[in-house]
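One-based numbering along the sequence shown. What's counted below: heavy atoms across the whole structure, side chains too, no hydrogens, waters or symmetry copies.
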Amino acid sequence: FTSSTTLTSTGTGSGGDISFTKTVDASSSGGQSLTGNTAGATTFGGAVGTTPLLSLTTNAGGSTKINGGSVTTTGTQAYNDAVVLGGTATTLSSSGTGPLGNITFAPTVDAAASGIHSLTVNTAGTTIFDGDVGTTMALASLLTDAPGTTDINAAHVTTSGAQTYNDAVVLGANTTL
C-alpha cells in the first residue's frame, strides 16, 4: 500500500511480506481490527491507529517491523512474531482496560539498531513480555505507564538507557534487567 489506508472491515493478509508504507486507520474509533498472517515480514511504515483500531494481531512465524512510531488501539495488541522497532521512539497504546487492553509480545522485541530505538507502552491492561527484550539489538529505553501491570516472563530485558516501570511488575521467570 502506498497511500494512507483506512480499514473498512477486518483485514487479513497471508503469503509473503505485508507492507504498509503510510498510515493504517479504522474508519471510526475502534471500528475495525487488523490481523496480519504471513511467514514473511509485516511492516508498518506509518502510524497505526491515528483513528484507533479495535485490535491488532500478528501471527507466529514471521516478524513485525514497527517503523511508524505508534500503534493505537481501543482493545488488544498481540504480537505473536518477533518485533523489530525501527522508529526512534515507538509508542504502543490501548485505551482498553483489564484483558481488553492487553499488549502482548509473544517472542522477542529488538531495536533495528542497538541503543537507538526506544519503546513506550501505555495501557490500563497488562503489558506482557513472553520473550527476551533487546538481546539481539538493545533498546535505547523502555517505559510503561502507571495503570495496569507489566508481566515479564523473559530471561532478559536489555536497554542501553533507562528502564522505567510505572505500573506493578509481575515476574514469571528469573529475569536479568
Side-chain angles (χ1 to χ4, degrees), residues 4-12 20 23-37 42 44 46-60 63-110 117-134 139-154 157 159 162-173 175 177:
S4 295
T5 303
T6 300
L7 302 177
T8 56
S9 65
T10 302
T12 302
F20 299 93
T23 60
V24 178
D25 289 323
S27 61
S28 62
S29 182
Q32 289 79 33
S33 296
L34 176 64
T35 300
N37 292 321
T42 302
F44 297 102
V48 177
T50 52
T51 302
L53 304 180
L54 174 62
S55 64
L56 176 67
T57 304
T58 63
N59 71 313
S63 64
T64 298
K65 298 176 182 178
I66 303 173
N67 300 330
S70 65
V71 177
T72 305
T73 59
T74 61
T76 60
Q77 295 177 34
Y79 302 95
N80 294 307
D81 50 10
V83 172
V84 178
L85 305 176
T88 303
T90 299
T91 301
L92 306 179
S93 301
S94 172
S95 61
T97 59
L100 297 178
N102 289 358
I103 298 177
T104 304
F105 302 94
T108 59
V109 180
D110 283 296
H117 310 282
S118 64
L119 175 62
T120 299
V121 183
N122 297 320
T123 183
T126 303
T127 301
I128 303 167
F129 295 103
D130 280 336
D132 287 344
V133 177
L139 305 185
S141 62
L142 176 62
L143 172 68
T144 65
D145 66 347
T149 60
T150 296
D151 289 358
I152 302 175
N153 304 315
V157 177
T159 60
Q163 294 179 33
T164 305
Y165 303 94
N166 288 310
D167 49 8
V169 174
V170 177
L171 297 177
T175 304
L177 303 176

So which heavy atom on [X] is nearest to which on [Y], and how close?
{"X": "G101", "Y": "S94", "answer": "CA-OG, 3.4 Å"}
{"X": "T51", "Y": "D25", "answer": "N-OD1, 3.2 Å"}
{"X": "Y79", "Y": "T58", "answer": "CA-OG1, 3.4 Å"}

Whether [X] side chain and [Y] backbone form a donor-acceptor pair below 3.5 Å:
{"X": "H117", "Y": "G87", "answer": "yes"}
{"X": "Q163", "Y": "L143", "answer": "no"}
{"X": "T175", "Y": "A154", "answer": "yes"}

Nearest-0.5 Å distance that lies between atom [atom1] in [X] and atom [atom2] in [Y]:
{"X": "L54", "Y": "T76", "atom1": "CG", "atom2": "OG1", "result": "7.0 Å"}
{"X": "D145", "Y": "S93", "atom1": "CG", "atom2": "OG", "result": "8.0 Å"}
{"X": "L119", "Y": "T127", "atom1": "CG", "atom2": "OG1", "result": "8.5 Å"}
{"X": "I128", "Y": "I103", "atom1": "CD1", "atom2": "CD1", "result": "10.0 Å"}
{"X": "T123", "Y": "L92", "atom1": "OG1", "atom2": "CG", "result": "10.0 Å"}
{"X": "S55", "Y": "N102", "atom1": "OG", "atom2": "CG", "result": "12.0 Å"}

Take T150 and F129, measure what side-chain contact (heavy atoms from CB on, under 4.5 Å) needs, and give me the verdict at the end. CA-CA 8 Å; T150 296; F129 295 103; 4.0 Å; yes
Using the rule side-chain hydrogen bond (donor to acceptor under 3.5 Å, both in side chains), only one of D81, N80, N59 pairs with T64; which is it? D81
Do D132 and T108 have side-chain N/O donor and acceptor atoms under 3.5 Å apart?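 No, no side-chain donor-acceptor contact under 3.5 Å.
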L85/V109 under side-chain contact (heavy atoms from CB on, under 4.5 Å): CA gap, chis, key distance, verdict: CA-CA 8 Å; L85 305 176; V109 180; 4.3 Å; yes
What's the verdict on side-chain contact (heavy atoms from CB on, under 4.5 Å) for T90 and F44, showing C-alpha distance, side-chain angles and the deciding distance? CA-CA 12 Å; T90 299; F44 297 102; over 6 Å; no
Step by step, would you call Y165 with V157 a side-chain contact (heavy atoms from CB on, under 4.5 Å)? CA-CA 12 Å; Y165 303 94; V157 177; 3.5 Å; yes
Give every donor-acceptor pair under 3.5 Å between a side-chain atom in residues 66-75 and any protein atom, sequence neighbours left out.
| from | atom 1 | to | atom 2 | distance (Å) |
| --- | --- | --- | --- | --- |
| N67 | OD1 | G86 | N | 3.4 |
| T73 | OG1 | G75 | O | 2.7 |
| T73 | OG1 | Q77 | NE2 | 3.3 |

Side-chain contact, heavy-atom cut-off 4.5 Å: V169 with T149?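 When only atoms from C-beta onward are counted, T149 and V169 do not touch, as no gap falls below 4.5 Å.
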